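Keep in mind it's a predicted model, so treat the numbers as computed, not measured. All ligand and atom numbering here is 1-based and tracks the order in the structure.
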Amino acid sequence: MSTVNGGISFWYAQEGAPAPREPLPGDTTADVCIVGGGYTGLWTAYYLKKAVPFLNITVLEAKFCGYGASGRNGGWLYNGIAGRDRYAKLHGHEAAVRLQQAMNATVAEVLDVCETEKIDADQHRGGVLEVALSPAQLNRLRAFHAAELAFGETDRELYGARETAERIRVAGAVGSSWTPHGARLHPVKLVKGLADTVEALGVTIHESTPVTEIKPKHAITPYGTVRAPYVLRCTEGFTASLAGQRRTWLPMNSSMIATEPLTDAQWESIGWDGRETLGDMAHAYMYAQRTADGRIALGGRGVPYRFGSKTDNDGRTQPQTIDALREILVRFFPQLAGVRIDHAWSGVLGVPATGAPPSPSTAPPAWAGPAATSAPASPPPTSPPAPSAT
Ligand SMILES: Cc1cc2nc3c(=O)[nH]c(=O)nc-3n(C[C@H](O)[C@H](O)[C@H](O)COP(=O)(O)OP(=O)(O)OC[C@H]3O[C@@H](n4cnc5c(N)ncnc54)[C@H](O)[C@@H]3O)c2cc1C
């Protein structure tokens, strides 16, 4: 079997295409209109509805809930805050420590909501293991680890080569840093579960309903306009396609591959019994998880930006990106040199374009690991997020 490239993502290939919800039937009103049915939009709907149950909330989704990065990501539920140094500079060290503590709690909060709402997203709280594969990476690892401790993450552990191998036998790993504040998820199971949950709470979701323009108190679609005192733009990497927003947010690409299910003997040689999410200290970072059905799903930045803010075609990635990700896989686990890559895909996340005012949401994702932490970024979206705009 050859590698399937695109088809939204491996996670959707596993779960099957969702039955579409009805598009917007015509002009209407709401208390809150949310544009975009990814984690940002759906978590926002969830917490608003929990806080004020009588709110009339409408979600407008161009394709189907989870079509974007929320249905394509690496499934790292993580406490990392890219840009924490910048917060500390702006608001003081103590405030940044409190933010870190809130992020730690967020990991548990997401898992609690999954339990309360009976969302089975293959969640496993194994923490996050970040490995160093060279002396330079080891220096970065030590600095990163010390910084995490300084921001109050005192339950983080630093390992040497032997202790690292006791968790995951990554070829050439000279050390690692582990935090308990992380979990593995199946991204599509989470986003589908969230959509079903908010719908059951009384939120209206219209799919196949692209918003062409957001104006104050108006979300305009080809099928009608939703008028609402609050219109929340939750479109992250797709924002540039909205009228007037071409230069507001840049879509940044990240690509992933999923192997065939590994054999027991292969898993025996690797370890990874704790199902930690796995990252490294390279500048061209990787992120990976051991999936519930025994594969390795691994990603990296791929082609970061496509000219003209273009996005991929339903998750299709470049063949050379598949080769590059396979190389990383084999560098980590040489015994997988002949392994089949079942699926490859791509997605976009958004970063504010240059010139945007300083904000807590300016770029590389926290789940991408410590190499990204010196640049400001949005909170991990697998956590209850703030909408990107009103
Ligand atoms: C390959 C990859 C791996 C990643 N791995 C991780 C990870 O492991 N951990 C982590 O925390 N983060 C990860 N991320 C980032 C994370 O997935 C995203 O930041 C997050 O899912 C963004 O959620 P969102 O709801 O803001 O945007 P999206 O999930 O992109 O949702 C936006 C939605 O808006 C819809 N939309 C777009 N335009 C319109 C319109 N005009 N009208 C109506 N609807 C519209 C889209 O169809 C889409 O469903 C990854 C991202 C990628 C691409």
Side-chain angles (χ1 to χ4, degrees), residues 8-11 23-24 33-45 59-80 82 106-107 110 128 182-185 187-188 190-191 194-195 205-214 219-222 226 232-243 245 249 251-257 277-279 285 287-289 297-302 304 311-312 314-315 317 321 325 344-351 361 364-369 377-383 385-389:
I8 318 298
S9 68
F10 162 72
W11 313 114
L24 183 71
C33 176
I34 293 173
V35 180
Y39 296 146
T40 305
L42 295 171
W43 278 119
T44 304
V59 175
L60 301 177
E61 163 55 48
K63 305 257 184 170
F64 50 83
C65 289
Y67 172 80
S70 303
R72 309 186 193 191
N73 63 68
W76 280 44
L77 171 61
Y78 181 41
N79 70 336
T106 297
V107 172
V110 171
V128 180
R184 173 209 69 193
L185 290 168
V188 163
L190 177 63
V191 76
L194 265 178
I205 302 177
H206 293 297
E207 295 184 324
S208 306
T209 305
V211 172
T212 51
E213 189 171 3
I214 297 176
I220 300 162
T221 86
V226 179
L232 308 180
R233 192 183 72 218
C234 303
T235 47
E236 219 201 52
F238 300 92
T239 302
S241 64
L242 282 162
Q245 303 297 333
W249 280 60
M252 301 297 286
N253 293 270
S254 197
S255 294
M256 294 194 68
I257 53 172
T277 57
L278 174 68
Y285 56 80
Y287 50 93
Q289 68 152 279
L298 180 149
R301 183 44 77 82
T311 55
D312 56 74
D314 283 350
T317 191
T321 302
L325 293 175
W345 69 100
S346 173
V348 283
L349 46 143
V351 300
S361 45
W367 48 269
S378 53
T382 33
S383 62
S388 47

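Distance alone, capped at 3.5 Å, places no donor-acceptor pair between the Thr277 side chain and the Arg184 backbone. Checked by atom type and distance alone, the side chain of Thr209 never pairs as donor or acceptor with a backbone atom of Ala62 at under 3.5 Å.
Here's the thing with Gly75: one of its N/O atoms is less than 3.5 angstrom from an N/O atom of ligand 1. Considering backbone and side-chain N/O of Ala62, one or more are found under 3.5 Å from N/O of ligand 1. The shortest N or O to N or O distance between Ser254 and ligand 1 is not under 3.5 Å. The shortest N or O to N or O distance between Trp76 and ligand 1 is below 3.5 Å.
Close approach of ligand 1 to Val348 (heavy-atom distance below 4.0 Å) involves ligand atoms 53 (C). Those atoms of ligand 1 with a heavy atom of Val211 less than 4.0 angstrom away are 40 (C), 41 (N), 42 (N), 43 (C). In the vicinity of Val35, heavy-atom distances shorter than 4.0 Å reach the ligand 1 atoms 42 (N), 43 (C). Less than 4.0 angstrom separates some heavy atom of Arg72 from each of these atoms of ligand 1: 1 (C). The distance from ligand 1 to the heavy atoms of Thr40 drops below 4.0 Å at these ligand atoms: 23 (O), 24 (P), 25 (O), 26 (O). Residue contact check: Phe238 has heavy atoms under 4.0 Å from atoms 30 (O), 37 (C), 38 (N), 46 (C) of ligand 1. Short contacts between ligand 1 and Gly74, defined as distances under 4.0 Å to a heavy atom of the residue, involve ligand atoms 3 (C), 4 (C), 5 (N), 6 (C), 7 (C), 8 (O). Distances below 4.0 Å separate heavy atoms of Leu242 from the following atoms of ligand 1: 41 (N).
Relative orientation of the Phe238 and Tyr67 rings is tilted, given thresholds of 30° and 60° on the angle between their planes. Taking the six-membered ring where the residue is Trp, Tyr287 and Tyr285 present tilted rings, their angle falling between 30° and 60°.
For the residue pair Thr311 and Pro251, the shortest heavy atom distance occurs at CG2-CB, 4.2 Å. Among all heavy-atom pairs drawn from Gly71 and Val188, the shortest one is O-CG2, 3.4 Å. The two atoms that bring Leu60 and Cys33 nearest to each other are CD1-SG, 3.7 Å, heavy atoms only. Among all heavy-atom pairs drawn from Val128 and Gly182, the shortest one is CG2-CA, 3.7 Å. Contact between Val348 and Ala69 at its shortest, heavy atoms only, is O-CB, 3.4 Å. Leu242 and Val211 get closest at one heavy-atom pair: CD2-O, 3.2 Å.
Comparing heavy-atom distances from atom 21 (O) of ligand 1 across Ser70, Ser208, Ala240 singles out Ser70 as nearest.
Ligand 1 lies within reach of Thr209, whose nearest heavy atom is under 4.0 Å from it. Not a single heavy atom of Gly237 lies less than 4.0 angstrom from ligand 1. Distances shorter than 4.0 angstrom occur between a heavy atom of Tyr39 and an atom of ligand 1.
Only backbone heavy atoms of Leu60 (N, CA, C or O) come within less than 4.0 Å of ligand 1; its side chain stays farther off. Here Pro210 has backbone heavy atoms under 4.0 Å from ligand 1, and that is the only part of it that gets that close. Contacts of Cys234 with ligand 1, taken as heavy-atom pairs under 4.0 Å, involve the backbone alone. Here Tyr287 has side-chain heavy atoms under 4.0 Å from ligand 1, and that is the only part of it that gets that close.
Rounded to the nearest 0.5 Å, atoms CG (Leu77) and OH (Tyr39) are 9.0 Å apart.
A salt bridge does not link Arg72 with Asp314: every distance from a Lys NZ or Arg NE/NH1/NH2 to an Asp or Glu carboxylate oxygen is 4.0 Å or more.
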